[in-house]
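Here's the structure we're looking at; comments come further down.
So that the names make sense, note that chain A is the first sequence line, chain B the second, and so on, each numbered from 1. From a predicted model like this one, the values you see are computed outputs, not experimental measurements. Values reported hereafter were calculated over all heavy atoms of this structure, with side chains retained and with hydrogens, waters and symmetry mates removed.
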Protein chains: 2
Amino acid sequence: MEYNDKQIAIMDAAEKLFADNGFSGTSVRDIAEAAGVNLAMISYYFGSKEKLMEAMFRYRGDFMRLKLESILLNSNLTPLQKVDKLIDEYIERIFNKQCFHKVMLREQMVDNTGPIAEQITQLKATNQALFKQLIHEGQRKGDFKKGLDVPFLMMTLVGTTSQLLTSQKYYRALNNLQEMKNEEFEKHIKKKLSAYLKNLFKAILTYEA
Amino acid sequence: MEYNDKQIAIMDAAEKLFADNGFSGTSVRDIAEAAGVNLAMISYYFGSKEKLMEAMFRYRGDFMRLKLESILLNSNLTPLQKVDKLIDEYIERIFNKQCFHKVMLREQMVDNTGPIAEQITQLKATNQALFKQLIHEGQRKGDFKKGLDVPFLMMTLVGTTSQLLTSQKYYRALNNLQEMKNEEFEKHIKKKLSAYLKNLFKAILTYEA
DNA sequence: CAAAACTAAACAAACGTTTAATTAAATCAA
DNA sequence: TTGATTTAATTAAACGTTTGTTTAGTTTTG
């Protein structure tokens with residue numbers, strides 16, 4: 001599907017507003033104003049507010065899919081180095097599209113069936129399969145220990161990152177980082193998160209009780 | 001603050017609906033119907049929908065605070081055993097009040113100031129301080145390694161649990177647990193999560209690179 | 001019999017969507 | 001290239017609902 005500039009402007013504006021105020025907390029008038037288009041253009045291009053959201057998920061869904069083929073196939077890297085690369089790839093992707101990620105986190109909670117739930121399921125399935133492949137490779141080579149629970153490892157990766165993302169302001173407040181500029185702060189936490197997760201996964205994957 | 005039966009019924013109904021559909025996605029008419037009270041009673045007792053939410057946070061806020069005093073002071077337990085108990089205490093608390101926890105997760109994302117943000121800040125501060133105390137004790141005794149990042153450890157605990165909680169249906173779908181009954185499923189994942197997190201924290205806290 | 005609890009109805013404001021009219025862009029025969 | 005004609009884009013206004021809240025009146029309680 002191809003989108004013109006105006007359609008993209010609408011989706012970008014909606015993404016930001018949905019992330020901050022939720023789907024129901026955002027009116028189509030808010031979106032129209034933020035996107036700088038006439039109110040009626042949203043129905044004109046997307047049919048409805050709901051279908052705009054669905055279009056957004058189709059538009060962004062692809063981007064959120066981890067691209068690990070080159071990493072997985074690179075035989076110069078140890079399994080642990082590949083996990084490190086996966087972590088960085090994941091962090092980069094989430095922070096690059098934090099608004100959409102927040103929208104997804106919200107949407108996960110609602111008990112709906114339909115195209116959006118379908119998109120989320122497929123995304124999770126793909127990412128989990130890639131992650132699983134990597135873990136199993138490490139286990140075959142004897143670098144990682146046996147009995148690892150891939151879905152739960154995934155939850156730690158996703159959950160820790162999401163927690164940092166959604167509670168940024170509380171992290172700032174509780175750790176006296178209020179004065180730091182937004183851009184600097186984001187760099188700071190990305191770097192910290194990366195180092196933290198790499199160390200954490202090294203520990204879980206190799207630690208023997 | 002004391003609440004009568006009807007007020008509690010309203011807060012319980014609101015909690016469930018806010019968790020599933022969000023604050024804006026829930027109408028006061030929905031709440032009134034679910035609680036079995038007249039629409040006007042919500043304004044009558046709480047003043048407004050917004051203030052109902054604030055009352056809910058005051059009502060539930062206390063419950064969400066970790067109660068670790070007895071654990072912390074128990075000198076028969078090793079620091080690692082205390083962490084295990086903290087994990088179970090945390091899981092129990094979150095699963096006992098999953099609806100409210102979901103409401104909190106949603107509310108964290110919105111960029112508001114006011115009594116709710118204040119409540120969340122205090123809750124996080126308290127829990128983080130308790131956790132910190134435990135970690136430092138373990139480090140003093142030489143059981144835990146140095147250089148641990150307490151806020152990030154907290155994010156892993158909170159994030160992994162939240163991720164499991166908010167994406168239960170996806171976890172079921174991706175791991176072929178569709179046929180399992182709700183009650184059985186919840187027991188199952190609680191047990192798995194507990195074992196997983198205990199092993200994970202043992203690894204991070206004691207693993208030396 | 002006064003205070004509290006409760007109700008059905010009404011309120012204005014905001015909502016998502018549609019309509020009818022206008023402007024801009026594209027198509028195309030001459 | 002021109003001017004006519006069709007198609008697409010854009011708009012302000014209006015539509016019917018739903019929203020949160022209030023009112024004015026009734027019932028219940030201490």
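Proximity of residues 42-58 of chain A to DNA chain D (heavy atom under 4.0 angstrom from any strand atom) is restricted to Tyr44(A), Tyr45(A). Annotation: proximity of residues 17-38 of chain B to DNA chain C (heavy atom, distance under 4.0 Å) is found for Arg29(B), Asn38(B), numbered in ascending order.
A search for side chain to side chain donor-acceptor pair (under 3.5 Å) contacts involving Thr160(A) returns Thr156(B), not counting sequence neighbours.
Between Gln163(A) and the choices Thr161(B), Leu157(B), Val158(B), the side chain to side chain contact (heavy atoms under 4.5 Å, CB included) rule is met once, by Val158(B).
Note: CD1 (Ile10(B)) to C1' (dT7(C)) measures 14 Å, nearest angstrom. Straight-line distance from the CG atom of Asn4(A) to the P atom of dA24(C): 18 Å, rounded to whole Å.
Counting heavy atoms from C-beta on, the side chains of Lys82(A) and Leu86(A) never come closer than 4.5 Å.
Residue pairs meeting the ring-ring contact (aromatic ring centres under 6.0 Å, His included) criterion with at least one partner in residues 36-69 of chain A, sequence neighbours excluded, are Tyr3(A)-Tyr59(A), Phe57(A)-Phe100(A).
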(message) Run Glu186(A) and Gln98(A) through side-chain hydrogen bond (donor to acceptor under 3.5 Å, both in side chains) and show every step you take.
(response) CA-CA 11 Å; Glu186(A) 189 171 312; Gln98(A) 9 187 326; 3.1 Å; yes

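The neighbour count for Glu183(B) CD, taken as heavy atoms of other residues, nucleotides or ligands under 6.0 Å away, does not exceed 12.
The aromatic rings of Tyr90(B) and His101(B) stand perpendicular to each other, their planes meeting at an angle above 60°, with 30° marking the opposite boundary. Between Phe131(A) and Phe201(A), the ring planes lie perpendicular to each other; the angle is over 60°, past the 30° to 60° tilted range.
Comparing the helix axis at one end of the helix from dA2(C)-dT29(D) to dA30(C)-dT1(D) with that at the other, each defined from 5 consecutive pairs, gives an inter-axis angle of 10° (nearest 10°).
Salt bridge Lys202(A)/Asp84(A): absent, no basic N to carboxylate O contact under 4.0 Å. The pair Glu92(A)-Lys190(A) counts as a salt bridge, with a side-chain nitrogen and a carboxylate oxygen less than 4.0 angstrom apart.
Taking the centre and axis of the six-membered ring of Phe23(B), the NZ or CZ atom of Arg106(B) falls outside the cone set by 45° and 6.0 Å.
For DNA chain D, the contact window with chain A, defined by any atom under 4.0 Å from a protein heavy atom, covers dA8(D) to dA14(D) in 5' to 3' order.
The CG atom of Asp149(A) sits 10.5 Å away from atom CG of Asn199(B), with the distance rounded to the nearest 0.5 Å.
In summary, the aromatic rings of Tyr207(A) and Phe144(A) are positioned with their centroids too far apart to meet the 6.0 Å limit.
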